[in-house]
Amino acid sequence: MNDSSERAVPIDTSEGSVPTDCSNTERAVPIDSENSSSPEEIIILPEITTYINQPVAEQKIVLDAEEIEALHVESLPELLQQSGIQILSYGAYGLQQTPSIRGFTDETVRVVIDGVCVNNPQYGTFDFTTLNILQIEKIEIIKGGFTEGVSDEGAVGGAIYITSRKNSLGTSFYSDSALKSFFNLNVPVDTFSEKLGFSSQVKNTFFSGNFSGTYANNKYYYLNYAKKKTAQENSKVKDLNGNFNLTQYFSDGSFLALSDTVYGGYKECPGSKTTINYGIQQDFNNNFTLNFTNPAVHNNFKWENTLAWLNTNRMYNSDSESSCHKINNVKFSSCADFYNLKQVRELCGLTLEYTYLNSTDDGIHNQFSGTFKETTKIKFNKILSLSVPLAVKFSGSNFAFIPKAGIKADFSNLNFPLQITTDIYRMVQFPNMDDLYWQSSGYSGNPDLIPESGYGADLGFFFSNSIFPFSITFFTNYYKNKIQWTQNENGWMPQNIASAFYAGIDFNNTKKLMGDRLTLFSNGEYLYTRLLDKSNKYTYGNRIMWTPDFTGFFSVNYHFGSIDKNAGNVKIELNYMGKRYKSNMNGAFLPPYMLINLAADFPAGKYCIPYLRVDNLLNKSYESVDNYATPGTALAVGCKISL
């Protein structure tokens, strides 16, 4: 963490103990002074998973709370999009928005909050609307399937790791009030949102709460196929979110943390541009987490235990359909990080999960799943280190062994600013419960589905020189048994029939100038895909639908005043999305587009920061997903108060 919020309780930091940071961070491992050039030397292995502070060569985007606040976005999908991640958007705030990483989407992108994977077991994705931006302390976006963390396993396209805010010294209050307008339909204010947060400390006990509420009309104009200006109607969203955290530290540095998040939402789903019938979706979720962590068991290993109950309820009604879906998901994970083994570091983790599904379309089902994963890291010398993550995963009758291996060469110890990493990994994705059990008019699940699987490899270079630091990664994936819904004489049914080849290049750069007042950030990705299903001559050799050939993001942020005193920020963002085919037939495509956004804030006194944000400054007409309207220019003005 960048602040002292997780360092409230002193811990012995003599040789053999852990650092003072009690958060869910990766530990630097002390090396015995007899085998090192200096007593302070530590093992730094190829770390690709969650909560890593030191720079690594892997393609990773890390944003802390301060950087997130400076973006002035209202939802997590907006935050991801402003970080250069492709978002498959089916509308404005509150409607379905799914991140795509390296051409993979849905359940292949894992979302992990405080060590708990929150992907929905029924349909595989995570509803980002249910997460309050205010409660995020840090977010890390990892591309690819090489993950070393042992709290869970299953990333194929990538992983999004989120650390929530828990503790801060003393008592504080925070407010963020915002109004947004789409400049149309004679409505001066389209959206109102309010976010509140507070925290308090009594000796070694910390309590915090975050609340948010949004009322969004989501009414805006778009151009239809005849290039006529058309109004987007029936897309109103009203929701509330509450998050509570209680953390108790003990004299040995261990702590017990309780967290509960409640979300309720009412959403009008307008469907595609041509839909005349819209539905009403109502969500009510409650996620409870109990965590006990001892960061220094006998000064040999960190031990973390988490018990989580995720309760999800969704009701949908329209003129043609009425359904109800209830999920109770109980997870237990236990992870140990053995950091006092000199040249070797060992991580072990066990995750067990029980899911009860009661769905109008899926029926009633019980599912048991789990993962055992261990990661061995070996430092051979000052330059070379090896990481070998091995996992065993099961879900129902499906079982998989998932091996990985990575090597890192760090030449910075030789005063040459270069790190090189290479890794190879297996990818496995089990079918979700909709794929297995769905039953409705014309659609039927397939209980005989087998896991999707494949292999991937990365080669990354990180240049940490002060003049132009940047990283570049070459990657490739082969994926088979992809589940795809196909039509036959009995209707639509999912089958393990698709396979594809992926190859590409990731680029990332952050440069600070003028005494860190000016920050330049850029990232980009070129992606080459080919479908390899020879049974379909119409799609064989084609590109995968909705996957852009190139994505790029560039931002310039200027900070007024000195580094330790905020006198205001101005940020300009450019987001480019390349050509995407509308179907695997590759007959028509969505044209490329570039969005220009502007964000600015200027403190007014000691406690108040007014701000504004303009999205799609040039009022560009574009579509993220074929036939789903997106807004034009949107202006948000707000004020943040900290006491």
Test log, rule side chain to side chain contact (heavy atoms under 4.5 Å, CB included), inputs Y161 and T147: CA-CA 11 Å; Y161 292 101; T147 55; 3.9 Å; yes

Derivation and outcome, ring pair (Phe, Tyr, Trp, His ring centres under 6.0 Å), residues F399 and F430: CA-CA 9 Å; F399 175 88; F430 293 153; 8.6 Å; no

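If you look at F206 and Y249, their ring centroids are closer than 6.0 Å. Aromatic ring centres of F126 and F128: separated by under 6.0 Å.
Rounding to the nearest 0.5 Å places CG of N305 at 7.5 Å from OG1 of T293. Within the model, atoms CG of N120 and CG of D434 stand 8.0 Å from one another, a figure rounded to the nearest 0.5 Å.
Using cut-offs of 30° and 60° on the angle between ring planes, the pair F104 and Y502 is parallel. Relative ring orientation between Y443 and W492 is described as parallel, the plane-to-plane angle staying below 30° on a 0-90° scale split at 30° and 60°. By the 30° and 60° cut-offs, the orientation of the rings of H325 relative to W438 is parallel. Using cut-offs of 30° and 60° on the angle between ring planes, the pair W546 and Y90 is perpendicular.
Heavy atoms only, all atoms of each residue included: M493 and G445 are closest at CE-O, 4.1 Å. Taking each heavy atom of P494 and D435 in turn, the nearest pair found is CG-O, 3.3 Å. When all heavy atoms of I483 and E452 are compared, the pair lying nearest together is N-OE2, 2.8 Å.
Looking at heavy atoms from C-beta onward, F301 lies out of side-chain contact with N340 at the 4.5 angstrom threshold. The shortest side-chain heavy-atom distance between K393 and V428 does not fall under the 4.5 Å cut-off. N523 places none of its side-chain heavy atoms less than 4.5 Å from the side chain of D506. Contact annotation: the side chain of P295 approaches that of S254 to within less than 4.5 Å [non-hydrogen atoms, C-beta and beyond]. Using a 4.5 Å heavy-atom threshold, the side chains of T371 and I402 count as separate. Side-chain contact between P121 and L357: absent, with no pair of heavy atoms (C-beta onward) separated by less than 4.5 Å. Looking at T529 and Y479, their side chains never come closer than 4.5 Å, going by heavy atoms from C-beta outward. With a 4.5 Å cut-off on side-chain heavy atoms, L80 and I139 count as touching.
Judged by distance alone, the side chains of S164 and D114 do bring a donor and an acceptor atom under 3.5 Å apart.
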